[in-house]
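Heads up: the structure comes next, in structure tokens.
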Amino acid sequence: MAKQLTSRKENYSQWYNDLVVKADLAENSAVRGSMVIKPYGYAIWEKMQSVLDTMFKETGHQNAYFPLFIPKSFFSKEASHVEGFAKECAVVTHYRLKNDKDGNIVVDEDAKLEEELIVRPTSETIIWDTYRKWIQSYRDLPVLVNQWANVVRWEMRTRLFLRTAEFLWQEGHTAHSTEAEALEEAEKMVGVYADFAEQFMGVPVLQGIKSPNERFAGAIETYCIEALMQDGKALQAGTSHFLGQNFAKAFDVKYVTRENKQEYVWATSWGVSTRLIGALIMAHSDDNGLVLPPKIAPIQVVIVPIFKGKEQLELISEKVDGIVKELKARNISVKFDDRDTHKPGFKFAEWELKGVPVRLAIGPRDIENGTVEVARRDTLEKESLQITNIGEKIDNLLVQIQDNIFQKALSYREDNTYNVDTWDEFKSRVEKGGFVRAHWDGTSETEKLIKDKTKATIRVIPIDEPLEEGKCIFTGNSSKQRVVFAKSY
RNA sequence: CGGGGUAUGGCCCAGUCCGGUUAAGGCGCCUGCUUUGGGAGCAGGAGACCGCAAGUUCGAAUCUUGCUACCCCGACCA
């Protein structure tokens, strides 16, 4: 079995690609830039979906579904929105194929659509066209809707999970009667994302707003969570947009106030995608494979029997049955790997590659002593534990692992966050990776120049942070606050 | 869209410069026996219109021309 990974040190992006493929998460498909998400990878997405979906429902949202296809004319209604997405839209122009005289399948030119359809890169336009019909009065507000969907963005260069031509995500779209309420919603949802990233994925994130250059096409303000990967590059893990009345005006969505006045509706939208799986991988995993936090791991505990012959396996299986019941009673997902086609060593390596947080091994010696060997994925430590009360012990261990994974990522981020005050230092620091906190004069021009010279962009402008007088790292103009620069994915 | 590269069993690849008849090897797969506390060993076996199309030649994976696909680097991006 040649499942050796490239090491992170040797080639970080090769390591990432190897890992995604070898851990059976996803693979490239016949269509350039589009991936097949394999069952194990999809199981991780399902865990994420289920937690997020619950969080959305708890904050008052409902799921709905809007169409994949968007009439081209909808797109032109919001100027900056078109500008942002026009270059990466897939377009449907025909609706029929036929056989030509050589028997080849060709597009039937007679079946041209009257109006071309855009495959959604995001759904603001079709949703706001719909909301016009839904919203008449202040009594219809707020509208708090989310959808789980696929979207298509025809990217030049793609990478499994991090950037694919088609990806899965959720997009929340809300409509409010006041600016304050919409702002509150946008902030609330970025907070939900931050909680999810930190408490479930174990990925610490910076929360804040985007600079105008990085803002969503059509938004007044973009809130985001930003995580730091092990190679020192930043990854935008989730965004929440305050859209003001831009879409309401573009799609003429007005409501009547209590005072019987016509007003435009205030909007937000927010989303996270399968890119989170990329974040999860790059935040925690090591040269042995994936490291999954227990709260997101499809399998939390794997049990590997060590046996010679059928009788021994049966004996061990009996013991394992008890353990499985005990773990399941505590809602721990457990897999008993009783394949007789592979040796224990092979299984150890394979489950490590797949990031299962806890592995139990039971052999004849354990049966004799009433013990089980417990190995944790995050630290690779092994110890022998008495089987008595094993459910509770594992439960506690999973909590510890979840916490340890987060703490480790947090201290990595702290060790790789720098305050920098001179341009020379800025250049060399950015080159080495990490979050670089520096003063910026607040202009787009300066941000662009910095990007051209260093490839670093402003990842996030922190909110809820004390202001600090300073001088822009590039122009020397005055600045009231440090912003976070980094090279990013 | 610019620049560079690659295309050979499921995967990784040798062979291509200098054409020669069973296209080599490793991984994986199948069968059997022995193994099983950190990626097993031995024996046997299956599996390839050498990216596609023309051409040169007695003979093409190898030479020529055209095409296609994919990868890497840049511009663009959740």
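Numbers restart at 1 for each chain; the letters A, B, ... are given by sequence-line order, proteins then strands. These numbers were taken from a predicted model, which means no experiment stands behind them.
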Checklist line | CD-CD distance between A:E78 and A:E83, expressed to the nearest 0.5 angstrom | finding: 10.0 Å
Could I get a table of every N or O pair under 3.5 Å where one atom is in the protein and the other is in nucleotides 70-72 of chain B?
none

Where the side chain of [X] is defined as all heavy atoms beyond and including C-beta, which of [options] is the nearest nucleotide?
| X | options | answer |
| --- | --- | --- |
| A:F346 | B:C76, B:A40, B:G38 | B:A40 |
| A:E352 | B:G39, B:G38, B:U36 | B:G38 |
| A:R359 | B:G74, B:G38, B:U36 | B:G38 |
| A:A349 | B:G39, B:U36, B:G74 | B:G39 |

Notebook entry, point to check: Over how many whole Å does the gap from A:R365 atom CZ to B:U36 atom C1' extend?
Noted result: 13 Å
Checklist line | Length of the line joining A:K343:NZ and B:G41:P, which is rounded to integer Å | finding: 8 Å
Reckon [X] touches a base, only the sugar-phosphate, or nothing at all at heavy-atom distances under 4.0 Å?
| X | result |
| --- | --- |
| A:G309 | base |
| A:F216 | nothing |
| A:E155 | base |
| A:T239 | nothing |

Checklist line | Charged N-O contact under 4.0 Å between A:E226 and A:K210 | finding: yes
Next item on the list: Indicate yes or no: does A:E214 engage A:R459 in a salt bridge with an N to O separation below 4.0 Å.
Entry: yes
Checklist line | Nearest-nucleotide comparison on RNA chain B, the residue closer to the 5′ end among A:R215 and A:K308 | finding: A:K308
Next item on the list: Between A:T164 and A:M156, just flag the one whose closest nucleotide in RNA chain B comes earlier from the 5' side.
Entry: A:M156
Can you find a side-chain donor-acceptor pair between [X] and [Y] that sits under 3.5 Å?
| X | Y | value |
| --- | --- | --- |
| A:Q207 | A:Y223 | no |
| A:N213 | A:S444 | yes |
| A:Q230 | A:H284 | no |

Checklist line | Contiguous Watson-Crick or G-U pair runs (3 or more, under 3.5 Å) in RNA chain B | finding: B:1-7 with B:68-74, B:10-12 with B:25-27, B:29-34 with B:40-45, B:51-55 with B:63-67
Next item on the list: Indicate yes or no for a side-chain donor-acceptor contact from A:T164 to the backbone of A:G33 under 3.5 Å, with no hydrogens or angles considered.
Entry: no
Next item on the list: Please name all residues satisfying ring-ring contact (aromatic ring centres under 6.0 Å, His included) with A:F474, sequence neighbours left out, ordered by chain then number.
Entry: A:W423
Next item on the list: Using the side chain to side chain donor-acceptor pair (under 3.5 Å) rule, pick out the option among A:E124, A:E185, A:E171 that qualifies with A:S269.
Entry: A:E124
Item checked: Below 4.0 Å: OP1/OP2 of B:G37 and any side-chain N or O of A:K382 -> no
